[in-house]
Amino acid sequence: MAQKPSIPKGTRDFGAVEMARRNYIFDTIKEVFTLYGFSQIETPAMENISTLMGKYGEEGDKLLFRVQNSGEKAALAPEKGLRYDLTVPFARYVVQHREEISFPFKRFQIQPVWRADRPQKGRYREFYQCDVDVIGNDSLVSELELIQIVEEVYRRLGIRVCLHLNNRKVLAGIAEVIGAPDRMMDITVAIDKLDKIGLEAVNGELLERGLNAEQVAALQPILQLSGTTAEKLTALRSILRESETGLKGVEELEEVFRLTGAAGLTGEADPTVKNEVNRALVAKKRSYSESGLSIELDLCLARGLNYYTGAIFEVKALDAQIGSITGGGRYDNLTGIFGMPGVSGVGISFGADRIYDVLTELNLFPESLQSHTRVLFTTFGQDELMMALRWAKALREAGIPTEVYPEPTKMKRQMGYADQKHIPWVAIIGGDELSQEKVMLKNMTTGEQQLISLEQLVTTIQ
RNA sequence: GUGGUCUUAGCUCAGUUGGCAGAGCAUCGGAUUGUGGUUCCGAGUGUCGUGGGUUCGAGCCCCACAUUCCACCCCA
């Protein structure tokens, strides 16, 4: 080979171990989605470029991968692009198939998306999103369901998370009351950085973005809002009393918190719980009932995508610093762009790649993912190998994942194979066993072994 | 898109002022021909990211490209 082959920047191969782990994440998420009555769909990797353009803001357009035309049209402007997320293609899907869909439509979708972003750790050019959306109703119960799904998924995965909740109407209201109704985006982009760069720097950026000193001053009580959720909401109600939109947003937030309370989700963060506790609970087959979810009203949460109009969420792992691992919100009129106005939807997206990194960092992947094989047959000769093949067939018919070491080589090698794959049982067949129609079954954890028949073997390892 | 950074054995990484290419782990063989994970002994492995340049001589200096990661920007 003259030169080692490679793959494009920001893309990855997934090896066998990696795939087992990724499937663990996808399977967990799928199971929970299904539990709440969502059904799966898929859409093409490519969409018409007109479907994608202008849906993600100015920045988003720059990050779109364009697909060059082939043949005679090669020189023309691209007509197709790789999908940037799953929400816009879903909106397109709903409009296109509106006659076949009954609302509210609850769907989930697990597929890769592509962004021409500059890669970093946990940021790729090709990555998977796991989207779950309810479209066609505006009840806040849908918001609740999504929050319940977040709680359930992360409880099953054993990750402690905090769900940050905000509302675009509140942000719009804030912009209104400080006398800058058209500057909502500038304001939110700046205050989004509060916990990262601090109050002073945020104020500096607000001024830089063209707000006047008076407006920045008016924003201070909001930026420094603290206390319990109830206290924050009361304060907000007073601050936003002049803004109809803002008050509507506060009402929606209150309703969501009322619903999560009714559904038994705690709501407030409990910083005393340590990850050690969580890991211990995971070891106990995730049988704990305590919720790993805390919900925080976070007025600094903005989210870049400009189609959100109501609730917005973002989920962060408490024990890993990797940014947001799940995010979403309500969009009142996404399908309007495709000619179907008045359909409200709400959805969230789980970032599988980042969840993978969190599970790796916290060492939370179950050991059992390595191999499903329950028993390995090891042999000393051809006759024994033939017997092993017959027995293995019987075990597989009984539903037991079984392997036969393919050649009667040194026992050290055969045992080593079982050890490396963490296979819990080894069935050894030599001359004695062959003549007695029995195997020497060894428990690889305890080292104990016993001479047993096929029937006994099945019941022992089943 | 702007600025920076990384790339050496399968993996993680040393490598001095420019002077014979190194370690740990993993792998393989043996101690032990019917018993793994522990121990001991032994062995192999390199287009030093790619292409060019400077030099008697380049892993090391210079240029270009690719890649990794980081800070902006934005985001899962």
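Only this structure's heavy atoms are used, side chains among them; waters, hydrogens and symmetry mates stay out. So you know, we letter chains A, B, ... as the sequences are listed, proteins then strands, and number each from 1.
Counting any heavy atom pair closer than 4.0 Å across all strands shown, A/Thr379 reaches no nucleic acid atom. Residue A/Thr378 is classed as having no contact, given no heavy-atom separation below 4.0 Å to the nucleic acid. Base engagement by A/Asp117 is indicated by at least one non-hydrogen atom pair under 4.0 Å involving a base atom. Using a 4.0 Å heavy-atom cutoff across all strands shown, A/Glu433 reaches at least one base atom of the nucleic acid. Using a 4.0 Å heavy-atom distance criterion, A/Gly430 is classed as a base contact. Counting any heavy atom pair closer than 4.0 Å across all strands shown, A/Gly328 reaches no nucleic acid atom. Base contact: A/Gln120 has a heavy atom under 4.0 Å from a base atom. Residue contacts for A/Lys316: at a heavy-atom cut-off of 4.0 Å it reaches no nucleic acid atom on any strand shown. Among the protein residues, A/Ile325 comes within range of the sugar-phosphate backbone only, with heavy atoms under 4.0 Å from sugar or phosphate atoms but none that close to a base. Here A/Ser324 lies in heavy-atom contact (under 4.0 Å) with sugar-phosphate atoms only. Nucleic acid contact class of A/Gly431 (heavy atoms, under 4.0 Å, all strands): base.
Between the CG atom of A/Asp133 and the C1' atom of B/rA76 there is a distance of 15 Å, rounded to whole Å. Atom pair A/Tyr124:OH and B/rA76:C1' shows a separation of 11 Å (rounding to whole Å applied).
Residues from residues 454-462 of chain A lying near RNA chain B, meaning a heavy-atom separation below 4.0 Å, are absent. Residues from residues 383-394 of chain A lying near RNA chain B, meaning a heavy-atom separation below 4.0 Å, are absent.
Comparing the same atom, C1', in B/rC13 and in B/rU7 gives a spacing of 12 Å after rounding to whole Å. Rounded to whole Å, the separation between the P atoms of B/rA14 and B/rC61 comes to 15 Å. Comparing the same atom, C1', in B/rG15 and in B/rG24 gives a spacing of 15 Å after rounding to whole Å. B/rC11 and B/rG46 have their P atoms separated by 14 Å, given to the nearest Å. Atom P of B/rG22 sits at a distance of 12 Å from the matching atom of B/rG44, rounded to the whole Å. Nucleotides B/rC74 and B/rG19, compared at atom C1', are 49 Å apart to the nearest Å. For the C1' atom pair drawn from B/rU8 and B/rU45, the interatomic distance equals 13 Å after rounding to whole Å.
The aromatic ring of A/Phe127 sits over the base of B/rA76, with ring centres less than 5.5 Å apart and planes tilted by under 30°.
For the pair A/Arg115 and A/Phe65, the cation-pi test (distance below 6.0 Å, angle within 45°) is failed. Geometrically, A/Arg22 engages A/Tyr128 in a cation-pi contact defined by less than 6.0 Å to the ring centre and at most 45° from the axis. Cation-pi geometry between A/Arg21 and A/Phe365 is satisfied (NZ or CZ under 6.0 Å from the ring centre, within 45° of the ring normal).
In the set B/rA76, B/rU35, B/rC73, the nucleotide with an atom closest to the side chain of A/Lys193 is B/rC73. The side chain of A/Lys410 lies closest to B/rG30, out of B/rC73, B/rU68, B/rG30.
Residue A/Lys62 has no polar side-chain atom (N or O) positioned under 4.0 Å from OP1 or OP2 of B/rC73. Of the side-chain N and O atoms in A/Arg118, none sit less than 4.0 angstrom from OP1 or OP2 of B/rG3. Distances shown here put a side-chain N or O of A/Lys9 below 4.0 Å from the OP1 or OP2 atom of B/rU67.
A donor and an acceptor atom, one from each side chain of A/Asp85 and A/Tyr56, are located under 3.5 Å apart. Between the side chains of A/Glu314 and A/Asn166, no donor N or O sits under 3.5 Å from an acceptor N or O. Side-chain polar atoms of A/Tyr417 and A/Glu403 form a donor-acceptor pair below 3.5 angstrom. When only modelled atom types and interatomic distance are considered, A/Asn443 and A/Glu448 share no side-chain donor-acceptor pair under 3.5 Å.
Judged by atom type and distance alone, A/Gln449 reaches the base of B/rU35 through a side-chain donor-acceptor pair under 3.5 Å. At a cut-off of 3.5 angstrom, counting only N and O atoms as typed in the model, there is no donor on one side facing an acceptor on the other between the side-chain of A/Lys412 and the base of B/rU35. Contact annotation: side chain of A/Arg413 to base of B/rC28, donor-acceptor pair absent below 3.5 Å.
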Structure string for RNA chain B in dot-bracket form, Watson-Crick and G-U at under 3.5 Å, | interchain: ((((..(..((((.....[..)))).(((((.......))))).....(((((..]....))))))..))))....
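Proximity of A/Tyr331 to A/Asp133: side-chain heavy atoms (C-beta onward) are separated by under 4.5 Å at one or more points. Under the 4.5 Å side-chain criterion, counting only non-hydrogen atoms from C-beta, A/Arg160 is not in contact with A/Ser294.
You'll find the ring centres of A/Phe33 and A/Phe108 inside the 6.0 Å limit.
Among A/Leu362, A/Ile355, A/Val32, the single residue meeting the side chain to side chain contact (heavy atoms under 4.5 Å, CB included) criterion with A/Leu157 is A/Ile355.
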